[in-house]
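What follows is a set of notes on a single structure, which appears directly below.
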Amino acid sequence: MGDPAQTQPLDDTTEERLRELSFLYQLNLALRRRGDEAVLADFLERLAGGIPYDAGVVFRRDVESHEVVPFVGRATGHEVLSRAALPEALRDMSDVTALTEDDRASTDAIWPEASVRAGVVVPLRVDGQFVGAMALGRLDARPFSRRELRMLRVLGEQVAHTMDYHLARQALEKQVRELGELRDHALAASHAKGDFLATMSHELRTPLNAVIGMTQLLAQTELTPHQHELVRTVRKSGEILLTIIHDILDFSKIEAGRLELDTQPFNLRACVEEVINILQPDAGMKGLSIVLRCSSRVPQTVYGDALRLRQILINLINNAIKFTHEGGVWVKVWAERLGVTRASDRTMFKVNISVRDSGIGIARPLQEKLFQTFSQVDSSARRRYGGTGLGLVICKRLCEMMGGDIRVESEPGAGTTFSFSIRIPGDVPQPGQCFTPEHSAPQKLMAFGLPSQPPEVLVVEDNPVNQRVIQMLLQKIGCRSDVASNGHEAIQAMVRKTYPIVLMDLQMPEMDGITATREIRARWTNGPKIVALTANAFEEDREQCLRAGMNDFLTKPVRLDQLAEVILRSVASPAVERTAWPSIHVTSARPTTGSTPPRAL
């Protein structure tokens, strides 16, 4: 009896089986790298070391066309992929299929460049779905053995998963390309939309500037009561049209994600009172009163976007007046202290404002439509009261941008209450604090003594009607002015004369306002105060003007009080010394012969 510790030699069958397993293991490792053509080409090369063959092709199902096309090939001495094709009959097979000399049609289709006499086709399937096939051929008639077929059956499963991975990656890359193209198209459409809105804003505001400006001036002349009524009607219609333009532009900016809040300190109660003062005449014409109740806990100074808060209030109070025929409107303001913010070390408040009216009211089922785009409670309301149906949608979006929300409570015939809240930092109110109304801008100008020593203003504007409107508004607040029709004429005028203030339009022929401003800043060390006077109302337009070197921004249509405020801010700084301006020669794009000097008013 031999020593049990002595190693027994393996029989030939066991050794062959171990070599087979080792071979399969090495090929399996190669396929697990999850690569592309290079991995499968390496696999075919390694496969020939264990299962001899002369020509091999791996076919794949194309993701886009679903055609079965050659993917990777290996052959000795000739091209194997140029015209290789997998016959239709071999695409439906469920198991490894051997090819002999009797299958000449199939072998010639798969290996048209080689005289293959024996072959094998391995289907590549994943979860029953055909993803490709692997075909191996020999130039002699020696058939593939059962062991080789068994090994190919096992390897086929792994090759199928590798092929499936490649197809999935190919599909993913296709989706990425398509998404990239969609993104590019969306960006292009967004830019086109932005350009269109900017153009429409400019084209609509330019004539409105003349309408509203002239009616402001006309209303301050001696008119009969009937003429005053006509002027008020024209001006009111122009302001309604301007409100519609604002709503459409604001909604477009909100939808595009381009609306940003401008955080500045402002007096909260003064902001609310200002809105009430603006709308009080409209309420008075209907015999309505507007009552304000403001809690002593409301902070006097807060830090947020006063313009957008004013926009919400105007919309809600104006709606209350519009839908109320008797009684009044009640505005209530109160605040809750939330705590101190880490970023600014200021106290955060939740400011609540409600607007209640005694109007027609809204049925509960119809209240859901109030905050839907382009929607009103019913079609008859649109015909009777007008409006775009965008106002409350914009209010809702603005409240959400300011960390709050908006709600409605109403019953038919019992009035409506809109309540909204915003989160805003502010200064803690001190005992005894009270609000003192500021003087209007024209009164401030009078206090500065401008009528006796008015600043001279250069108006750079290409539209003749708007030139006249702006000059007349400037004359109303005591300022003399000259006019230039484009940037070239403006620079020529500044060479001849000192202007402390320049009102600069943006879109002009020959030289636009941005280019002219850059030219002025480059030529003069201590140049004038330059105020953008434009129908371009977008925030990016304001930023572009400031980057170019402008000091302030005024949007058309121009109101008398807004113009006065801008002039006031501009004259508050030291005047420009003429000696600081170098003597230069300016070349104009238009012929200088016969050129006319700036027109004075």
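Keep in mind that this is a model prediction, so the values were computed, not measured. Quick note: numbers below take in every heavy atom, side chains included, and nothing from hydrogens, waters or symmetry partners. Residues take their numbers from the sequence shown, with the count starting at 1.
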Counting N and O atoms only, with roles assigned by atom type, does the side chain of [X] sit under 3.5 Å from a partner on the main chain of [Y], one being a donor and the other an acceptor?
X      : Y      : answer
Arg423 : Lys350 : no
Thr215 : Ile212 : yes
Gln467 : Glu461 : yes
Asn318 : Ile314 : no
Lys286 : Lys322 : yes
Thr517 : Gly513 : yes
Ser354 : Val333 : no
Thr347 : Val340 : no

For this session: Just do the side chain to side chain contact (heavy atoms under 4.5 Å, CB included) check on Thr301 and Leu268 with the steps written out, would you?
Result: CA-CA 6 Å; Thr301 302; Leu268 178 58; over 6 Å; no
For the residue pair [X] and [Y], what are the closest heavy atoms and their distance?
X      : Y      : value
Leu560 : Ile477 : CD1-CG2, 3.7 Å
Met508 : Ser485 : SD-O, 3.9 Å
Gln280 : Ser289 : NE2-CA, 4.4 Å
Leu506 : Asp512 : O-CB, 3.1 Å
Ile567 : Pro455 : CG2-CG, 4.1 Å
Leu338 : Phe349 : CD1-C, 4.0 Å

Enclosure of [X] [atom1] (heavy-atom neighbours >12, cutoff 6.0 Å):
X      : atom1 : value
Arg364 : CZ    : no
Arg297 : CZ    : no
Glu178 : CD    : yes

With no hydrogens and no angle check, just 3.5 Å: does a side-chain donor-acceptor pair link [X] and [Y]?
X      : Y      : result
Thr417 : Glu409 : no
Ser570 : Asp552 : no
Arg547 : Gln544 : no
Ser410 : Thr416 : yes

Exercise. Once you round to the nearest 0.5 Å, how far does CD1 of Ile362 lie from CD of Glu411?
Worked result: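 Output value for this atom pair is 10.5 Å.
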For this session: Answer yes or no on whether Arg346 is positioned over the face of Tyr303, meaning its NZ or CZ is under 6.0 Å from the six-membered ring centre and within 45° of the axis.
Result: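 Arg346 over Tyr303 ring: yes.
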Exercise. With a cut-off of under 6.0 Å to the ring centre and 45° to the axis, is Lys332 in cation-pi contact with Trp334?
Worked result: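 The answer is yes, since Lys332 meets both limits relative to Trp334.
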Problem set entry | Chi angles and distances behind the side chain to side chain donor-acceptor pair (under 3.5 Å) call for Thr263, Asp305 | CA-CA 5 Å; Thr263 301; Asp305 196 325; over 6 Å; no
Exercise. Salt bridge (Lys or Arg N to Asp or Glu O under 4.0 Å): which pairs involve residues 179-191, sequence neighbours left out?
Worked result: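 Every pair satisfying salt bridge (Lys or Arg N to Asp or Glu O under 4.0 Å) with a residue in residues 179-191: there are none.
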Exercise. Could you go step by step and tell me if Arg468 and Gln471 meet the side chain to side chain donor-acceptor pair (under 3.5 Å) rule?
Worked result: CA-CA 5 Å; Arg468 183 63 178 166; Gln471 283 195 295; 4.9 Å; no
For this session: Using a 4.5 Å cut-off on heavy atoms from C-beta on, say whether the side chain of Tyr499 contacts that of Val460.
Result: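 No, every pair of side-chain atoms sits at 4.5 Å or beyond.
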